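This report concerns only the one structure given below.
Just so you know, these numbers come straight off a predicted model, no measurement behind them. Every chain is numbered from 1, with letters handed out A, B, ... down the list of sequences.
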There are 2 protein chains.
Amino acid sequence: MGEKELRRSLSVFPIGTVMKLTDLTARKIRYYEEQGLIHPERNEGNRRMYSLNDVDVLLEIKDYLTEGVNMAGIKRLYELKEHEKADRLKATQHVLTDDDVRRILRSEFQAVGGLDGDNPYQNFDGSHIFR
Amino acid sequence: MGEKELRRSLSVFPIGTVMKLTDLTARKIRYYEEQGLIHPERNEGNRRMYSLNDVDVLLEIKDYLTEGVNMAGIKRLYELKEHEKADRLKATQHVLTDDDVRRILRSEFQAVGGLDGDNPYQNFDGSHIFR
DNA sequence: AACTTATGTAAGAAAATATCACATAAAATA
DNA sequence: TATTTTATGTGATATTTTCTTACATAAGTT
């Protein structure tokens, strides 16, 4: 792991900072952890400490949810080793319609359910914090 | 101010994180603030929140102290607009002997006192956190 | 010797975070 | 449609972190 990756995985933010950085509630942040999407470390006092990588994942989760992808779908996306396929998609297409998401999920790892196609939001420009 | 500078001045770290990042005690960190060397913001709950820039300044302060420069000297150094002269010195010379520091301080802004010339440490490579 | 500097430490208050439990609208499923 | 699950809100209580203020002190300075 290079120096840069190391810095990005340094656990330095308490949940309050992450709340502001992501505009998520503490409840949501802890829930996404419970769902295995992030793995913040704990300090000596048992407080969760988050890394820049965690923050990025949380922002991505927000994007996915806005797209209409449910937790099950998001988990499947993150199961793709290192997120590589999804990342490449985001990097090349930059904007995914609900239909795209649906097609990808179905074709790449079978049906996942939970896609209703009624969410108009699209925000796959990859512009996250501390890039 | 560019995007990068903005990120570096985002107040996101609580004092506990800064303590670990810099290996300074809370007492020292607050004291350097009291001396006007850093200016952490406060959150709604009155807790100090530090930026990457603050962390860098603290690491520089550590370096200066290790070099034998006292608070008065460090303040003078930071009085140099944007730290430009000191930065250029660090960038070009990379290693300053106590004697160098003494000469610089004396010639550039008169005597500052507090330099004993007995400190063997030198660490001006500029390799700080989150670069 | 007396004063100043830079830092340690202690006490009490306030803020942030933890866990656990219960509530619930919307979505999924039977 | 009735039932269950999902994703999140809210409240209570405990613990940790940080704040301010005050006093202490070794080392350096005058």
Specify the separation, in whole Å, of atom [atom1] of [X] and atom [atom2] of [N].
X	N	atom1	atom2	answer
Ile61(B)	dT7(C)	CD1	P	10 Å
Asn46(A)	dA14(D)	CG	C1'	12 Å
Asn43(A)	dT15(D)	CG	C1'	11 Å
Tyr64(B)	dT5(C)	OH	C1'	20 Å
Met49(B)	dT17(D)	CE	P	15 Å
Ile15(B)	dA14(C)	CD1	P	20 Å
Tyr50(B)	dT17(D)	OH	C1'	13 Å
Met19(B)	dT7(C)	CE	P	14 Å

By a strict heavy-atom criterion of less than 4.0 Å, which residues belonging to residues 26-39 of chain A are in contact with DNA chain D?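 Those residues are Arg27(A), Lys28(A), Tyr31(A), Tyr32(A).
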
When you measure from the side chain of Leu65(B), which nucleotide among dT17(D), dT7(C), dT20(D) comes out closest?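 So the nucleotide nearest the side chain must be dT7(C).
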
Measure from the side-chain heavy atoms of Arg47(A) and tell me the nearest of dG9(D), dA16(C), dC19(D).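 Within the option list, the nearest is dA16(C).
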
Using a 4.5 Å cut-off on heavy atoms from C-beta on, say whether the side chain of Ile29(B) contacts that of Ile38(B).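 SC-SC contact between Ile38(B) and Ile29(B) confirmed.
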
Would you name the heavy atoms of Arg8(A) and Ser51(A) that are closest together and state the gap between them?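 Where Arg8(A) meets Ser51(A) most closely, the heavy atoms are O-CB, 3.3 Å.
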
CG-NZ distance between Asp23(B) and Lys62(B), expressed to the nearest 0.5 angstrom: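 Taking CG in Asp23(B) and NZ in Lys62(B), the distance rounds to 4.5 Å.
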
Taking atom OG1 of Thr22(A) and atom CZ of Phe13(A), what is their separation to the nearest 0.5 Å?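 The CZ atom of Phe13(A) is 11.0 Å from OG1 of Thr22(A), to the nearest 0.5 Å.
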
Is any side-chain N of the basic residue among Arg30(A) and Glu34(A) closer than 4.0 Å to the acidic one's carboxylate O?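 No, no charged N to carboxylate O under 4.0 Å.
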
Do Glu79(B) and Arg76(B) sit within salt-bridge range, that is, some charged N less than 4.0 Å from a carboxylate O?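 Yes.
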
For dT18(D) and Arg48(B) - does any side-chain N or O of the residue sit under 4.0 Å from the phosphate oxygens OP1/OP2?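 Checking Arg48(B) against dT18(D): no side-chain N or O falls below 4.0 Å of OP1 or OP2.
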
Sort out for me which residue in His39(B), Lys28(B), Arg48(B) forms a side-chain hydrogen bond (donor to acceptor under 3.5 Å, both in side chains) with Glu33(B).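 Exactly one option meets the side-chain hydrogen bond (donor to acceptor under 3.5 Å, both in side chains) with Glu33(B), and it is Arg48(B).
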
